[in-house]
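Index from 1, following the sequence.
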Amino acid sequence: MNQVVDFSGLSNLRSIASTFNTKLEFLESILKSPTRSEFYQKMFILKKNGKGYRLVYKAINKSLSLFHKNLSTSLQKLEKEFVHDCAYGFVKGKSTFDNAKIHLNRQILVQFDIENFFKSINYENIKKIFFQLCKNDDIASILTSLTTVNTSLVEGLHTSPVLANLFFYDLDIQLFELAQKHDCLYTRYADDITFSTNFKDINVKKLEKEVSAILKESNLSLNNEKTRISKKGQPQYVTGLSVSNPEFPRIPRLMKKKIRQELYYIKKYGAEDHFMNKKEKLYDGMQRLNGWIIYCHAIEKELAKKFQDQILMTDAYTDIHEYNKRLRKKEKRKEELHLYFDETLYENYFGMSCVLIQDENHQDISNDLNTFYDQLSGDQLIPKKGRIFHYCEDSHDVRGQIVDRLRKCDFQAYIVFSKLETNSYTKDDYLKIFYKVLFDRIHKNYDCTVHIYYEENNKIKTADIDDLVEDIKDKLNNQTSMVISINIQKITKQNHLSVIPDYVLGLFKDAYLKKERKDFEIRYCQKLSNKIRLVIDLDTNKYYSRHQTLSLSNE
C-alpha cells in the first residue's frame with residue numbers, strides 16, 4: 001500500500017476491510033473470538049545467546065498476515081510524526097549500525113533492558129494510539145482487537161514493532177530529556193535502552209532509578225539482570241557491535257575469531273569433516289557460516305570480502321551451491337501458476353501486463369468476479385459487444401467497484417511498456433514485449449506448470465505465441481537442464497479473469513502515461529499499487545519496483 005491512509009475516514013468494519021484489502025466476513029470471524037489466539041501459531045525460537053527461547057506468534061491464515069502487513073505499512077508512514085528520532089529498532093532506514101554509531105568512543109556506556117517488552121504493552125495502550133489516529137472509539141477498539149492477542153501485543157505480528165514504537169513516543173521524550181539532564185546521549189533499539197556520556201562522574205544508580213520510575217508509570221519495568229555498565233578501555237558493545245573505535249562500529253572480535261577459526265578448520269580438514277565434528281550437517285553449517293559473513297558485509301565490507309573469497313575456495317562451496325539450486329527447484333516444482341496477458345496502445349505508448357495468480361487462489365478469484373458480475377444491475381452495465389468488463393468502457397461507478405473488488409484478490413501484476421515511432425504497433429512489437437514479460441516471469445518460477453492465457457487479435461495468432469513459447473522453453477532447458485511445462489489457452493473478454501490485466505493496464509495508463517491525470521484516476525491506481533510488483537521501461541531497460549513506480553509520473 002503506497003497511499004497514506006486517513007484513519008479518521010474509517011467509519012465501520014467494512015471500511016477497515018476495504019482499506020486494508022481484507023474480506024469483511026473474515027475480520028468478523030476474528031472479532032468473535034474472545035482472545036483471538038486460535039488464529040495464531042505459537043513458535044519457540046532459540047535466543048541468540050543459546051539460553052532459553054522466545055515465544056513468537058505467526059498468523060495461521062495468509063489473509064490475516066496480509067491485513068497486518070498492510071496496516072503496518074500504513075502506520076509506518078506516520079513514523080516521522082509519531083516515532084521519536086532516538087528510536088532505531090524496527091524503523092525504516094535505520095539499523096543496528098546506526099544505533100551503535102551514536103555511542104562511539106564514549107567514556108561510560110550504560111545499557112538497560114525492558115522486561116517483557118511487547119507483552120507489557122496492553123490493550124488499553126494500543127487503543128489510545130488508534131483513538132489518537134481515528135478519533136473514533138469503536139474503530140480504535142476494532143483495530144486494537146485485530147492487532148493484539150490475549151489483551152497485549154505479541155512478538156511476531158507485522159504490526160507489533162511499529163505499534164510498540166508509537167506507544168513509546170512519550171516515553172522516548174522523557175528518556176531523551178533525562179539523558180540531557182545527565183549530559184548523556186540516548187537511543188533505544190526496541191527493548192534495549194542505551195545511555196552514553198563523556199562525564200566520568202555520572203551517578204549511574206540515580207540514572208537507573210529515574211529510568212525505572214519513568215517506565216513504571218507506563219507499567220513497564222527493567223530487567224535488572226541485563227543492566228550493563230562499561231567504561232572506556234573495557235569492551236563496549238551496542239546492539240551487538242563494538243563502539244570502542246572512534247571511526248565506526250565494528251564486528252565484535254569474538255565473531256571475527258570464530259569465523260577465522262572455522263575457515264581455518266575447513267581448509268585443513270575439509271568442510272564435511274569439520275561440520276561433522278561439530279555435529280552439524282554440511283548444508284546447515286555452510287549456511288550458518290555464510291550468514292555470519294553476510295552480516296559482516298553490512299558492517300565491515302573489506303573484511304567480509306576476504307572471508308567470502310576464502311569461502312569460494314572451499315571444496316564444499318560448489319556442492320552447497322548445487323544443493324541450493326536443487327532445493328529451490330524442488331520447492332518451486334510444487335507450484336502451479338496462471339498468467340493472464342493483455343496489451344494496450346495509448347498514443348505512441350505500447351504496453352503489456354501480465355497478471356500472475358497462484359493455483360490455490362485461481363478458482364476463488366474467478367468465482368468472486370463471477371458473483372460480482374451477477375450482482376450488478378442491468379443499468380450499471382453498458383453493452384460492450386460481448387465483453388463482460390472493459391476498463392475503457394465501464395462507467396465511473398462500476399470502475400470504482402471493480403477496483404475495490406480487485407484489491408481483495410491475491411495476485412501479482414507486471415507491466416512492460418515502450419514508445420513506438422507511430423501510433424500503431426506491429427506483430428514484432430507485440431512479440432518483443434510478450435517475450436520480455438513471459439521470460440522474466442517463467443525463469444524466476446522454474447519447474448512449475450504454467451498456464452498462459454491471452455487474447456488473439458488480427459495481428460497475433462496462436463501459432464506466433466506457440467513459436468515464442470517453444471523458443472523460451474528451449475532456452476531455459478539448455479541453461480538449467482530442467483523440464484518446463486507450459487499450457488497455452490486463447491481467451492476472450494467473456495472470461496471474467498481477463499478483467500484483471502485489462503484494469504491494471506488501464507489504471508497504469510491513466511495514472512502514469514497521460515499528460516493530464518485526474519485525481520480519481522491516480523487514486524484508483526494507488527489502490528492497486530501493492531499488486532503491481534514490477535514495471536519495466538523497455539526503451540531504457542529501467543526496472544521500477546512497486547515502491548518506485550510513483551516516480552514514473554515525474555519522469
Side-chain angles (χ1 to χ4, degrees), residues 47-49 51 83-91 93-115 117 164-165 168-218 220-259 295-304:
K47 292 182 179 180
K48 289 182 179 180
N49 60 10
K51 299 177 182 178
V83 174
H84 199 277
D85 290 341
C86 291
Y88 284 82
F90 313 118
V91 178
K94 294 184 178 181
S95 65
T96 55
F97 181 89
D98 299 315
N99 182 56
K101 188 167 61 174
I102 302 298
H103 304 284
L104 288 175
N105 198 33
R106 304 285 282 177
Q107 289 292 335
I108 297 178
L109 194 67
V110 184
Q111 295 168 287
F112 304 108
D113 181 86
I114 302 172
E115 194 165 25
F117 181 59
N165 278 338
F168 224 91
Y169 180 72
D170 290 335
L171 291 171
D172 279 328
I173 291 175
Q174 295 179 62
L175 292 170
F176 175 73
E177 291 174 349
L178 178 64
Q180 289 184 314
K181 172 184 169 184
H182 287 275
D183 194 25
C184 290
L185 297 176
Y186 160 74
T187 63
R188 180 181 60 83
Y189 197 96
D191 56 351
D192 290 328
I193 293 175
T194 304
F195 292 85
S196 64
T197 181
N198 284 325
F199 181 54
K200 294 182 180 181
D201 296 326
I202 183 175
N203 189 332
V204 176
K205 288 187 177 180
K206 183 180 179 183
L207 175 64
E208 182 176 7
K209 186 176 180 180
E210 290 175 317
V211 169
S212 183
I214 290 173
L215 295 177
K216 190 175 181 180
E217 291 178 2
S218 297
L220 299 174
S221 59
L222 293 177
N223 183 346
N224 294 322
E225 292 181 0
K226 291 188 176 182
T227 298
R228 300 181 299 278
I229 304 166
S230 52
K231 298 179 181 180
K232 192 170 184 178
Q234 297 175 327
Q236 292 184 325
Y237 299 99
V238 175
T239 46
L241 299 175
S242 171
V243 293
S244 300
N245 186 283
E247 296 179 5
F248 56 85
R250 294 180 181 270
I251 298 295
R253 288 183 181 178
L254 182 60
M255 176 176 275
K256 295 177 185 177
K257 181 180 178 181
K258 285 183 177 179
I259 294 174
Y295 176 68
C296 288
H297 190 270
I299 312 299
E300 296 185 54
K301 290 183 174 56
E302 291 300 319
L303 175 66

Between Lys94 and Ala87, is there a donor-acceptor pair closer than 3.5 Å when you use the side chain of the first and the backbone of the second?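 Side chain of Lys94 to backbone of Ala87, a donor-acceptor pair under 3.5 Å: yes, one is there.
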Does Phe97 offer a backbone N or O that forms a donor-acceptor pair with the side chain of Ser95 under 3.5 Å?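 Yes.
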Asp192 vs Gln111, test: side chain to side chain contact (heavy atoms under 4.5 Å, CB included). Steps then yes/no. CA-CA 7 Å; Asp192 290 328; Gln111 295 168 287; over 6 Å; no
What distance do [X] atom [atom1] and [Y] atom [atom2] have between them, rounded to the nearest 0.5 Å?
| X | Y | atom1 | atom2 | answer |
| --- | --- | --- | --- | --- |
| Phe112 | Asn223 | CZ | CG | 12.0 Å |
| Glu177 | Lys181 | CD | NZ | 11.0 Å |
| Leu241 | Met255 | CG | CE | 9.0 Å |
| Thr197 | Gln107 | OG1 | CD | 8.5 Å |
| Thr96 | Tyr295 | OG1 | OH | 4.5 Å |
| Gln236 | Arg228 | CD | CZ | 11.5 Å |

Under 6.0 Å between ring centres, would you say that holds for His182 and Phe195?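 For His182 and Phe195, the ring centres are not under 6.0 Å apart.
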Any side-chain heavy atom of [X] sitting closer than 4.5 Å to one from [Y]?
| X | Y | value |
| --- | --- | --- |
| Leu207 | Asn203 | no |
| Gln174 | Phe176 | no |
| Tyr88 | Ile102 | yes |
| Leu109 | Tyr237 | no |
| Leu185 | His103 | yes |

Please give me the minimum heavy-atom distance between [X] and [Y], naming the atom from each residue.
| X | Y | value |
| --- | --- | --- |
| Pro249 | Leu104 | N-CD2, 3.7 Å |
| Ala190 | Phe90 | CB-CE1, 3.4 Å |
| Pro235 | Ser230 | O-CB, 3.7 Å |
| Leu175 | Phe168 | CD1-CE2, 4.0 Å |
| Glu300 | Ile251 | OE2-N, 2.7 Å |
| Val91 | Asn165 | CG2-ND2, 3.6 Å |

Is there a side chain to side chain contact (heavy atoms under 4.5 Å, CB included) between Asp113 and Leu222? Walk through the geometry before answering. CA-CA 6 Å; Asp113 181 86; Leu222 293 177; over 6 Å; no
Suppose we screen for salt bridge (Lys or Arg N to Asp or Glu O under 4.0 Å). Which residues come up paired with Glu208, at least two apart in sequence or across chains?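 For Glu208 there are no salt bridge (Lys or Arg N to Asp or Glu O under 4.0 Å) partners, ignoring immediate neighbours.
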More than 12 heavy atoms of other groups within 6.0 Å of Gln234 CD: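 Buried by this count: over 12 neighbours within 6.0 Å.
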Are Lys232 and Asn105 close enough, and set up right, to give a side chain to side chain contact (heavy atoms under 4.5 Å, CB included), and what steps lead you there? CA-CA 7 Å; Lys232 192 170 184 178; Asn105 198 33; 3.0 Å; yes
Side chain to side chain contact (heavy atoms under 4.5 Å, CB included) between Ile108 and Phe199, worked out: CA-CA 8 Å; Ile108 297 178; Phe199 181 54; over 6 Å; no
